[in-house]
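Here is the structure we will look at.
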Amino acid sequence: MPAMLTDVFRGHPIHLPHSHQPDFTSLRELPDSYKWTPKDDLLFAAAPSPPATGENIPLIDLDQPDAANQIGHACRTWGAFQIANHGVPLGLLQDIEFLTGSLFGLPVQRKLKAARSETGVSGYGVARIASFFNKKMWSEGFTITGSPLNDFRKLWPQLHLNYCDIVEEYEEQMKKLASKLMWLALKSLGVSEEDVEWASLNSDLNWAQAALQLNHYPVCPEPDRAMGLAAHTDSTLLTILYQNNTAGLQVSRDDLGWVTVPPVPGSLVVNVGDLFHILSNGLFKSVLHRARVNQTRARLSVAFLWGPQSDIKISPVPKLVSPVELPLYRSVTWTEYLRTKATHFNKALSMIRNHREE
Ligand SMILES: C=C1C[C@]23C[C@@]1(O)CC[C@H]2[C@@]12CCC[C@@](C)(C(=O)O1)[C@H]2[C@@H]3C(=O)O
Ligand SMILES: O=C(O)CCC(=O)C(=O)O
Ligand SMILES: [Fe+2]
């Protein structure tokens with residue numbers, strides 16, 4: 001039985017500087033501990049963004065016959081895209097948004113009953129990457145791995161079973177969608193299931209696992225000085241993100257700077273994660289992204305973080321490697337990678353990069 005995502009930090013505690021969440025609603029002014037400057041995050045306000053060109057991540061209709069090529073192109077140029085006609089029922093998206101709003105609307109003391117522990121993955125707390133920054137982020141999160149039953153019982157003594165059903169159904173739909181998207185993207189590179197050994201051996205999808213991250217960005221008194229979620233890449237193969245109707249997600253492109261991803265009702269955002277970058281031998285970009293906040297509207301998002309079972313070694317697909325295109329990365333399991341990320345954050349990819357012998 002492979003180690004589960006739930007156990008990834010057992011024996012590897014992560015010390016988060018701020019374990020107790022403030023009650024954001026009672027803060028009329030932004031405390032200094034939330035005021036970010038370029039010194040706190042080199043990417044916070046680096047060079048001023050070039051004039052907006054109107055360019056944005058593509059919105060891809062999955063019913064279009066050339067969807068695979070469009071996805072491949074988006075993965076190479078942006079590392080992100082939005083999807084329409086994805087097959088996930090609108091009612092389910094509304095249900096997960098309702099659940100997320102209801103969770104973060106609970107009193108702080110109730111939320112803290114389900115607080116994430118230093119060695120755990122699941123539960124309520126600040127984002128894991130908070131340990132790498134001196135300043136606090138203007139957000140709260142709730143991570144789900146495995147069954148949320150125990151945590152949900154603490155949060156909603158009466159309604160927990162209804163909410164568990166929503167999470168189960170949401171994860172089921174997301175799993176199917178994530179796998180479809182991965183194969184469409186690989187198809188654009190001429191790679192099929194037979195070319196990926198671990199996937200073809202387990203074609204019933206038992207090779208995948210996931211975490212669900214619920215995020216809340218409350219209304220903020222000084223949004224220009226605050227940071228909702230600092231710039232990062234996801235450690236996943238793919239992340240599928242649902243955002244409510246409030247903008248805040250930004251993706252980075254070297255030539256364009258930070259670009260805001262506009263919410264499109266009913267659509268979903270897809271991010272290429274670090275493991276897909278490795279699998280594609282660097283052809284797909286793992287997208288650097290962050291979340292900003294605003295002064296008038298609270299924002300909610302739900303990220304489905306999808307990757308392989310913990311015993312599967314991910315390395316560049318052999319078909320994409322040749323004597324001229326050497327493998328850029330050594331093989332790594334998701335567990336190993338998450339631990340590397342938890343220690344080295346944005347240096348994690350370079351730590352597993354192969355260095356050319358001169
Ligand atoms: C599977 C995982 C990816 C994640 C770390 C985690 O163990 C569970 C939470 C995930 C998340 C969500 C918010 C952003 C992020 C960088 C973080 O701090 O926690 C990601 C992690 C990741 O992708 O590395
Ligand atoms: O809230 C967002 O739009 C981004 C969330 C995110 O990047 C994450 O949960 O990994
Ligand atoms: Fe992310």
Side-chain angles (χ1 to χ4, degrees), residues 3-10 12 14 16 57 79-80 82 97 100 104 116-133 137-146 171 208-218 227-252 258-263 268-277 286-294 298-310 332-349:
M4 301 298 288
L5 197 52
T6 335
D7 299 321
V8 67
F9 301 123
R10 192 163 289 167
H12 299 261
I14 293 169
L16 287 167
I57 65 170
Q82 304 212 59
E97 180 177 335
T100 306
F104 291 116
R116 191 194 308 126
S117 73
E118 281 194 347
T119 54
V121 176
S122 300
Y124 175 72
V126 293
R128 288 238 161 259
I129 52 168
S131 61
F132 295 97
F133 299 94
M137 300 187 212
W138 194 259
S139 61
E140 50 183 344
F142 191 93
T143 315
I144 300 171
T145 44
E171 289 184 333
Q209 60 175 338
L212 202 60
Q213 171 77 17
L214 315 180
N215 299 304
H216 174 221
Y217 307 90
M227 179 58 77
L229 186 57
H232 65 280
T233 57
D234 294 338
S235 314
T236 53
L237 283 168
L238 288 174
T239 301
I240 304 180
L241 185 95
Y242 171 78
Q243 53 174 343
N244 73 349
N245 59 5
T246 302
L249 173 65
Q250 295 183 325
V251 297
S252 164
W258 288 108
V259 178
T260 299
V261 177
L268 295 162
V269 181
V270 183
N271 290 342
V272 169
D274 296 340
L275 293 187
F276 208 21
H277 171 79
S286 66
V287 65
L288 186 67
H289 57 287
R290 68 182 185 184
R292 301 305 305 260
V293 292
N294 78 82
R299 177 164 182 271
L300 298 171
S301 72
V302 178
F304 177 77
L305 299 134
W306 187 72
Q309 280 292 355
S310 313
V332 65
T333 65
W334 199 13
T335 306
E336 274 166 355
Y337 191 72
L338 283 168
R339 289 183 188 147
T340 309
K341 187 86 163 238
T343 326
H344 301 283
F345 187 43
N346 54 1
K347 308 275 183 310
L349 261 183

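We count residues from 1, following the sequence as given. One-based numbering, in listed order, for ligands and for the atoms of each.
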Protein non-hydrogen atom found under 4.0 Å from atom 21 (C) of ligand 1: no
Is a side-chain donor or acceptor of H277 paired with a backbone partner of L275 at a separation under 3.5 angstrom? no
Are the side chain of R299 and the backbone of G228 linked by a donor-acceptor contact shorter than 3.5 Å? no
Answer yes or no: is there a side-chain heavy-atom contact under 4.5 Å between L241 and V270? no
Could you tell me whether the side chain of Q209 and the main chain of L5 form a donor-acceptor pair under 3.5 Å? yes
Quick one: nearest non-hydrogen protein atom to atom 1 (C) of ligand 1, plus distance? W334 CZ2, 3.8 Å
When you measure from the side chain of H232 to the backbone N and O of L288, does any donor-acceptor pair fall under 3.5 Å? no
Are F132 and F345 an aromatic pair by the rule of ring centers under 6.0 Å? yes
Using modelled atom types and a 3.5 Å cut-off, is there a donor and acceptor pairing between side-chain atoms of R339 and backbone atoms of V8? yes
Tell me, please: is L305 in heavy-atom contact with ligand 1, that is, under 4.0 Å? yes
Going by a strict under-4.0 Å cutoff (protein heavy atoms only), does atom 4 (C) of ligand 1 have a neighbour on the protein? no
Taking only residues two or more places apart in sequence, or in another chain, which ones meet D274 in a salt bridge (Lys or Arg N to Asp or Glu O under 4.0 Å)? K341
Protein N/O near ligand 2 N/O, under 3.5 Å, which pairs?
from	atom 1	to	atom 2	distance (Å)
ligand 2	1 (O)	Y217	OH	2.6
ligand 2	1 (O)	R299	NH1	3.1
ligand 2	1 (O)	S301	OG	2.7
ligand 2	3 (O)	R299	NH1	3.2
ligand 2	3 (O)	R299	NH2	2.8
ligand 2	7 (O)	H232	NE2	3.2
ligand 2	7 (O)	H289	NE2	3.0
ligand 2	9 (O)	N215	ND2	3.0
ligand 2	10 (O)	H232	NE2	3.4
ligand 2	10 (O)	D234	OD1	3.3

Which part of Q213 is near ligand 1, with near meaning a heavy atom under 4.0 Å away: side chain, backbone, both or neither? side chain
N/O donor-acceptor pair under 3.5 Å between W306 side chain and A211 backbone: no
Under 4.0 Å, heavy-atom basis, I'd like to know which part of I129 is in contact with ligand 1: side chain, backbone, both or neither. both
Protein heavy atom at shortest distance from atom 6 (C) of ligand 1: L338 CD2, 4.3 Å
Residues in salt bridge (Lys or Arg N to Asp or Glu O under 4.0 Å) contact with E118, at least two apart in sequence or another chain: none
Number the atoms of ligand 1 from 1 as they appear, then name those within less than 4.0 Å of a heavy atom of S235, with their elements. 22 (C), 23 (O), 24 (O)
Tell me yes or no: between the side chains of Q250 and R292, is some donor less than 3.5 Å from an acceptor? no
Sidechain-backbone polar pair: D234 side chain, T236 backbone, donor-acceptor under 3.5 Å: no
Side chains of S301 and Q243: is there a donor and an acceptor less than 3.5 Å apart? no
Are T145 and S122 linked by a side-chain donor-acceptor pair shorter than 3.5 Å? yes
Using a strict 4.0 Å cut-off to heavy atoms of F9, name the atoms of ligand 1 that fall inside it. 7 (O)
At less than 4.0 angstrom from any non-hydrogen atom of D234, what atoms of ligand 1 do you find? 23 (O)
Using a cut-off of 2.8 Å, how many protein N, O or S atoms sit around the Fe ion (ligand 3)? 3
